Amino acid sequence: MTAQEVRLCGLLLQEHFGEVVEKVGTHLLKSGAQNLRAIVHETGVALDLVKKSLCVLVQHGACVFSSRRKGAGSPTEYLTSYDRILRILRYPRYIYTGKTLYGDTGELIIEELLQRGHMTMSSIVKTVADRLTQNMEEGCSMDYNEVSSAFSKLVETHFLQRCPPQKTQASDNSTTTTPSDPVSTTQSTPESFPDCYKVPHVTLVGRGKRPHPGEDGEDQRNAKRPKLDPETHGDEGIYWQVNFERFHLHFRDQAIVSAVANKLDQTSSEIVRTMLRMSEVMTSPTATCTKPLSANEIFRALPPSYNIARPILDQYLTLLVDDPMEFVGKAGDSGGGMFVVNLHRALANLARATIESVVQERFGSRSARIFRLLLRKRHLEQKQVEDFAMIPAKEAKDMLYTLLSQNLVQLQEVPKTPDFAPSRTFYLYTVNQLPTVRMLLQNCYKTVANLIERRLFETKESKRLLEKSQRIEAILASLQASGAEPEQLTEVEEMITATEKQQLDSLRLHINKLDSAENQVDETIFLLESYVNSTATS
Amino acid sequence: MAEVKVKKEPNLTEPVDTENRIKELCQQFPQGITDQVIQNDMPHLEPQQRAMAINKLLSLGQLDLLRNSSGLLYRLKDSVSASKMKGSDNQEKLVYQVIEDAGNKGIWSRDIRFKSNLPLTEINKILKNLESKKLIKAVKSVAASKKKVYMLYNLQPDRSVTGGAWYSDQDFESEFVEVLNQQCFKFLQSKAEAARDGKQSPMVQRNSSFATSHEVWKYISELGISKVDLSMDDIETILNTLIYDGKVEMTVIAAKEGTVGSVDGQMKLYRGVNPVLQATGLVKTPCGLCPVFDDCHEGGEISPSTCIYMTEWLDF
């Protein structure tokens, strides 16, 4: 873990859980596993606050505790995981994916789960249905059944999973013995818990439609304290969480598909999408390539709307195999040809394209030419670089030295004699992809932290203005509710001057820009992280 | 059948005859003859006599003495150069010879000094002399801009000296290269687009987006943007830069011998391709391009809160 990661984690914790949790969290990140007493002592935070912070962290899966690490009777120790905290950065993307795949219901389910860490199915269904009803027209309401079927779908596709049961709660597990509809559990997950993707029989479903609370007051009470619901639904003790790994696999597949679409064309990308969807369940998350699929199978699985004839499909597959990016590989000739998607190769190529793009944007296209040249030819002397890239010696030297000083290019000395005399030494320039990617990853973390920092700064600068506008909006709302005169409303509205309005607008623009930039950088982070992880397993 | 004739009259004792005979031999073997050849030809000749004859010819400037791996070599001097050198002294001839030996790669004045063992001032005088007679010329090398190399006047300088088509005088024409780079890409791109609009089967589409290096060469020659004649190799170097730009892909296919543009039964095919990624998210932020990124810390002189790049970007 690096200083940049700790800084980013701190900012994320502060934003989502407040100052105290941030203090406890960063302390744990910096110092590793610690027991409660040590945390209290070293952070100087009051005991009950530390306890609450730890609760928050545990609830969100950002902190695990274990006892007896140092032998029997030793105190329970707490350990945070920075990669879980960094996931907070990707929340918008998870929620958006939920929306695109399963509509508003999916979006709300994911959102609620992310906000609360883990919940039982019944409380999610209730909260989501309530929220949906609230946004619907008067007289309409959301059926619990629909929400729970969306929930089941999310579980079936492994986007949601059960929290692994705590050992201390072993007795609670008896409730899980009556699963209604067993779903496929073939995919291996970090959890070795076999019932990971089993939806329990929830009596909520059996009862069907129930009256929905129409008033805001009751709705809010429900949302705030769902677990205090006096009724039981048969799924107490079974908590659900978002399966980040599954989302990441989905993002990875999307990245590959869009890369194919960019490089080749839409039809090829649809073929690759079909191949990925077919192998989704069969392929383990860490596999270097998908399970081989025969051309016949692919042909049958293609959605009929694409209208691709069999010989055309064969041609497309050949083209995909021939492409130098090697997204698709050929594994055999049986069944009309067996094809795989080279997942790790694709990630490596995408990561390479990412660093190339960074060099291109930051140092210009000529430096990018030198960089790609080095990637291709591995080791080159300065003179060779000039000749191959057709760049005048002076400029090439300048670019190479700049790249070298930014650690994007490395210099390898090969002496002819053991004395390393410069005149008798080859100086070979080279690019090491993996270390470069790691470095860029750190840069990304720092960039996101900078963006958050700037956003906080912008909000702080116009705190007074924001508070004022909020106050006025509240007044307006209450006036409207009480049926005030239009003149009165305009009078209140005019309390914000034109310049203030302008400032507010530009502030909103700035915040939006920073937010979207954060998400964009996170996409880069995702690609680079996946590449680094893929090299670790292959 | 001069040799047969010679063998019939073995008694060549007159020095003039010997000289003539040696000259004849030299004419027969324009690449030069060794001592052994003369010996075989005139077995009755005393070594002393032979040496005398050769020495005489050398002093008259009619023979060249060269050294190769097997020993000394005699060669008839060019009658042209011999006539050119009329009125020159021995030193001048020596320098001329040294320069001639260097061929179209040229030779540096300091190397002339080492080879001829003449003082530098003398050499400079001779070089100036020869230059004014238009026997030699000075060419500036691209490798070192201050270094002048000398070669015979009628020679075309070697690529290593001039740098090939990409150099005018001794400056690299980067603009020229860029223009060619763009033109080649435009050609390949339009070809790829035409193939895409063709609405044919994907295989045909890809195959028709390929262009051989010969086709590109022809296109560039017909465009007439280049004042110098470019060879196929030159165009391939340009196409290679496009590959390094990530805009073009190359494949080599086997071609029938004699097809235009094929080299050793191979043909290089190029085609324009689309990039895999748009600019990545990191470089869309000011931090991704920031020159002082490493010096940036919250609370420092350079910090995200006070960053002017960020302010400009936000107000954009």
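Residue numbering restarts at 1 for every chain, and letters A, B, ... go by the order of the sequence lines. These figures come from a predicted structure and were not determined experimentally.
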Given that the side chain runs from C-beta out, which part of [X] has a heavy atom under 4.5 Å from chain B: side chain, backbone, both or neither?
| X | result |
| --- | --- |
| A/Met325 | side chain |
| A/Leu350 | both |
| A/Ala368 | backbone |
| A/Lys377 | side chain |
| A/Thr267 | neither |
| A/Glu458 | side chain |
| A/Arg455 | neither |
| A/Phe526 | neither |

Could you tell me which portion of [X] (side chain, backbone, both or neither) has an atom closer than 4.5 angstrom to a non-hydrogen atom of chain A?
| X | result |
| --- | --- |
| B/Asp315 | both |
| B/Phe316 | both |
| B/Cys290 | backbone |
| B/Pro202 | both |
| B/Ser209 | neither |
| B/Thr285 | side chain |

Worksheet item: Among B/Asn274, B/Asp245, B/Leu277, B/Leu289, who wins on heavy-atom pairs under 4.5 Å with chain A?
Response: B/Asp245
Worksheet item: Between A/Lys446 (side chain) and B/Cys296 (backbone), is there a donor-acceptor pair under 3.5 Å?
Response: yes
